[in-house]
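Heads up: the structure comes next, in structure tokens.
Quick note: residue numbers are just sequence positions, from 1. Keep in mind that this is a model prediction, so the values were computed, not measured.
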Amino acid sequence: FGPAIAALQTVTPNEMRAQASAVLLFAANLAGLGLGPALVGAMTTHVLPGDESLNVALSALAGIFAPAAALTAWSGLSAYRQAISRGFLND
């Protein structure tokens, strides 16, 4: 998560860095702490019934969301490169 915050700080104007970081952390916590446990619980209850289904549910969700996260990061690299090349570095 550190590189995401560093990249955000790099391309955000000085007067908006705190707000941008707050929005990023809020969205990440909302998705990770709010949606993650609910998805695991729903999957173990409704999709994979049984006492030993927690490990399968965690693995399945990681198998779904890890490639989605990698694809999202990859799709944002071109915009990040353009921002860096245009000189949006805020030292």
Would [X] and [Y] show up in the same hydrophobic cluster when neighbours are defined by side-chain heavy atoms closer than 4.5 Å?
X: L54; Y: L61; value: yes
X: I5; Y: V23; value: no
X: L71; Y: F65; value: no

task = Quick one: list whatever passes side chain to side chain contact (heavy atoms under 4.5 Å, CB included) with A20, sequence neighbours left out.
result =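 A20: side chain to side chain contact (heavy atoms under 4.5 Å, CB included) contacts with L8, T12.
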
message = Could you list the cluster mates of L30? Members are the ILVMFWY residues connected by side-chain heavy atoms closer than 4.5 Å, either directly or through other members.
response =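 Answer for L30: F26.
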
request  = Can you run down the side chain to side chain donor-acceptor pair (under 3.5 Å) pairs that involve residues 58-76, sequence neighbours left out, and say none if there aren't any?
outcome  = none

query = Looking at residues at least two apart in the chain, or sitting in another chain, which of them share a side chain to side chain donor-acceptor pair (under 3.5 Å) with S21?
reply = Q9

Acceptor/donor pairs from residues 35-50 side chains to any protein atom, 3.5 angstrom cut, sequence neighbours excluded:
{"unit_1": "T44", "atom_1": "OG1", "unit_2": "V40", "atom_2": "O", "d": "3.1"}
{"unit_1": "T44", "atom_1": "OG1", "unit_2": "G41", "atom_2": "O", "d": "3.0"}
{"unit_1": "T45", "atom_1": "OG1", "unit_2": "G41", "atom_2": "O", "d": "2.8"}

